[in-house]
**Student:** 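Please read through the structure below; I'll follow up with questions.
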Amino acid sequence: MKTLEAKLTDTLKKLEERKAELEALTAKRDAEIQQTETRITEIFARMRPEAAALQLAAMDEAMAVSLLGKLPPRTASAVLNEMEAARAAQLAEALGGRRAPANRTPTTGVQTR
């Protein structure tokens, strides 16, 4: 019985160590993701609205909405202004929380003048 208790205690200790390792790796990954998101947002904030509109229109909707939400409002509005009206409305609705973003990539992007 004492042998089984010792094995169980040892197993629990190993599991706790593994749990701590996984939590540390998860925290590190989350920090890297946050840093990457910040960098991408900064890149899009510095792009010309026409160029940003092309990129965002071609992106997965959830990613595009996430980026638009992190951009300064003036920048986001300039980008949306350069998009095809239907795509801009779709992203604005998702951004405003009126509907969940769909996971699709549209075939069109910037409006033609």
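Just so it is clear, the model here is predicted, and its values are computed rather than measured.
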**Student:** Answer yes or no: is there a side-chain heavy-atom contact under 4.5 Å between Thr9 and Lys13?
**Tutor:** no
**Student:** Would you mind reporting whether Val79 and Phe44 have side-chain heavy atoms less than 4.5 Å apart?
**Tutor:** no
**Student:** Can you tell me how far CG of Leu67 sits from CE of Met59, rounded to the nearest 0.5 angstrom?
**Tutor:** 5.0 Å
**Student:** For the pair Thr36 (side chain) and Glu32 (backbone), establish whether a donor and an acceptor sit closer than 3.5 Å, ignoring hydrogens and angles.
**Tutor:** yes
**Student:** Which atom pair, heavy atoms only, marks the closest approach of Thr41 to Leu71?
**Tutor:** O-CD2, 3.6 Å
**Student:** Any side-chain heavy atom of Glu82 within less than 4.5 Å of one from Leu54?
**Tutor:** no
**Student:** Keeping Ser66 on the side-chain end and Ala62 on the backbone end, is there a donor-acceptor pair under 3.5 Å?
**Tutor:** no
**Student:** Quick one, Thr26 and Arg29 - any side-chain contact, counting heavy atoms below 4.5 Å?
**Tutor:** yes
**Student:** Any chance you could lay out the salt bridge (charged side-chain N to carboxylate O under 4.0 Å, His left out) test for Glu5 and Lys2, step after step, and finish with the verdict?
**Tutor:** CA-CA 5 Å; Glu5 282 182 16; Lys2 291 204 183 248; 5.9 Å; no
**Student:** Kindly indicate whether the side chain of Met83, heavy atoms from C-beta on, has any atom under 4.5 Å from the side chain of Gln90.
**Tutor:** no
**Student:** Where is the tightest heavy-atom contact between Pro72 and Ala45, given as atom of each residue plus distance?
**Tutor:** CD-CB, 4.5 Å
**Student:** Can you tell me if Gln35 has over 12 outside heavy atoms packed within less than 6.0 Å of its CD?
**Tutor:** no
**Student:** Does some side-chain heavy atom of Leu15 sit less than 4.5 Å from a side-chain heavy atom of Lys19?
**Tutor:** no
**Student:** So which heavy atom on Arg87 is nearest to which on Leu56, and how close?
**Tutor:** NH2-O, 3.4 Å
**Student:** For the residue pair Leu91 and Glu61, what are the closest heavy atoms and their distance?
**Tutor:** CD2-CG, 3.7 Å
